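Given the structure is predicted, the values throughout are model-derived calculations rather than measurements.
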Amino acid sequence: MELKTIDVALLSKMFTNGALKLEAKKEWINELNVFPVPDGDTGTNMTMTALSAAKEVDALENPDFKSLAKAISSGSLRGARGNSGVILSQIFRGFAKVIGKESKITVPVFSRAFQKAVETAYKAVMKPKEGTILTVARSAADKAAELEEETDDFIYFLDEIIKEAEHTLSRTPDMLPVLKQAGVVDSGGQGLVVFLQGAFDAMTGKEIAYTLKPESASSVMKITKETEAEIKFGYCTEFIIVLDKPLPEDGERKYKAFLESIGDSIVVVADDEIVKTHVHTNDPGLAIQEALKHGSLSKIKIDNMREEHQERLIKDAEKLAAQQKAETEMVSAEHKEMGFISVSAGDGLGEIFRGLGVDAVIEGGQTMNPSTEDILNAVEKIPADHVFVLPNNKNIILAANQAAELCKEKKVHVIPTKTIPQGITALVNFIAEQSAEENETRMKEEIGSVKTGQVTYAVRDTVIDDKEIRQDDYMGIGDKTILSVGEKLDEVVLEMTDAMVDEESAIISIYYGQDVEQASADEIAKRIAEKYPDLDVDIRYGGQPIYYYLISVE
């Protein structure tokens with residue numbers, strides 16, 4: 001089988017199929033996270049970026065290459081989320097610039113489009129690193145340039161390009177030591193390979209049987225009801241068995257078989273001393289009774305998933321109502337010179353930012369990076385000539401910059417805040433009487449004085465910076481590396497804080513998350529204040545998910 005040209009219908013299928021293959025593999029890509037934290041989102045960000053463009057492609061009627069190119073470029077630019085998503089959107093944008101001028105795609109045209117894609121993506125990143133999605137894309141483009149001299153058959157051409165991309169991907173741990181230490185390949189590079197594989201499948205007739213449809217309120221309601229029905233087993237049950245004696249292989253098999261008879265989503269990890277157990281069941285007591293036959297239990301955790309689902313729906317509805325109210329107030333507000341947008345997750349943090357004068361708080365952060373369009377829409381609703389955007393997360397800065405480039409009617413100032421405390425410091429240093437440019441310069445300078453530590457838990461065993469980390473350990477993550485690891489939350493918090501405080505420090509700010517009781521947070525603050533009596537210690541409720549504590553030192 002040979003294929004000498006690609007028409008607009010086939011290229012549309014290839015693009016859509018690449019996006020759908022990404023969606024099918026997104027959770028696997030998410031798990032290729034260097035840090036073993038519960039917020040890997042590369043696969044999600046790349047998928048939502050590609051699907052945003054794919055939906056525009058799917059909506060086209062009788063497209064030509066010009067309209068197809070516009071749909072790919074516009075859809076991906078506006079839907080871009082996270083650094084990986086923004087880079088992917090720039091790859092698509094560069095590719096679209098070339099194909100939009102063609103009437104048919106040949107191997108040389110495809111090769112030129114690939115070169116432009118890589119060139120555009122590299123320009124979008126201020127300090128490109130080798131061993132990332134950019135390296136994988138460049139190696140594929142170089143291979144395309146080499147092959148266009150050898151063949152005019154697309155099947156052979158794209159197959160060889162993908163093989164080269166896969167080979168380069170396998171070498172990314174040798175280019176970035178942090179990948180090698182974590183035992184993973186680059187997640188963004190893996191996402192690009194998956195997209196290319198999906199495009200190749202469509203080219204050779206292996207399409208994913210799925211139709212892209214825009215979501216409506218009724219479809220969301222339907223999904224909600226279906227999700228309720230799909231919760232077959234209502235209790236997420238976890239515990240550790242401290243074994244009386246080692247569990248033989250046959251005993252482990254029988255234990256797993258019993259759990260399978262009462263539930264699903266079963267994970268059993270055993271060694272000579274303990275057995276970690278996770279099961280979704282309607283009768284946690286049966287799982288506990290069976291486990292007690294093998295030893296004593298510790299770290300028992302039982303969550304009602306149906307209740308959690310209902311609570312989440314209620315909270316989402318409350319957030320939506322508050323957001324709509326805030327938007328209405330913004331529209332009716334008087335026009336002003338300068339306005340502010342902040343990104344954060346957690347009702348407490350949202351209130352803190354609003355109290356500091358922020359006009360719009362975009363709900364987001366780790367695991368839920370807002371898109372370029374989310375930021376752009378918020379900018380357009382604020383009645384101000386100059387709008388400052390505080391991303392408060394290193395994975396949102398590129399999307400914010402992209403929104404600033406797309407906005408034509410206002411001047412958007414992106415303050416590259418990488419953490420929540422940096423965003424708060426930027427706002428505290430704003431002076432209304434000075435110009436937007438003067439404020440931008442000072443805010444950028446001041447955020448450099450803030451050290452941030454974030455405490456969460458590990459989702460897998462690994463070694464990073466010579467620190468041995470086990471699944472479920474608590475981790476204190478600093479601006480550049482992991483500062484503390486341990487089994488006790490308070491000890492990890494204190495050790496992390498110690499690593500950030502120096503002779504120049506004056507203020508310690510503590511923001512506790514939604515999974516922390518106020519009494520526990522107050523005790524932590526008291527211990528820190530006792531250790532550093534010359535420093536001001538302030539504690540506030542943040543309500544952030546995933547991270548138990550955010551702590552800044554200035």
Exam field: side chain N17 to backbone M14, donor-acceptor pair closer than 3.5 Å: no
Not counting sequence neighbours, list each pair that qualifies as a salt bridge (Lys or Arg N to Asp or Glu O under 4.0 Å) and has a residue in residues 436-446. E440-K444
Charged N to carboxylate O under 4.0 angstrom, D153 versus K4? no
Under a 4.0 Å threshold between the charged nitrogen and the carboxylate oxygen, would E31 count as salt-bridged to K26? no
Exercise: do N30 and T44 side chains pair donor with acceptor under 3.5 Å: yes
Indicate yes or no: does R138 engage E130 in a salt bridge with an N to O separation below 4.0 Å. yes
Which residues pass the side chain to side chain contact (heavy atoms under 4.5 Å, CB included) test with A404, not counting sequence neighbours? V412, V414
Residues R470 and E468 bridged, charged N to O under 4.0 Å: yes
Before accepting this row, confirm whether a basic side-chain N of the pair E146/K143 lies closer than 4.0 Å to the acidic partner's carboxylate O. yes
May I ask you to say whether D374 pairs ionically with R81, meaning some side-chain N is under 4.0 Å from a carboxylate O? yes
Taking the basic N atoms (NZ, or NE/NH1/NH2) and the acidic carboxylate oxygens, is any pair closer than 4.0 Å for D174 and K180? yes
Other residues, nucleotides and ligands only: do more than 12 of their heavy atoms fall within 6.0 Å of NZ on K104? no
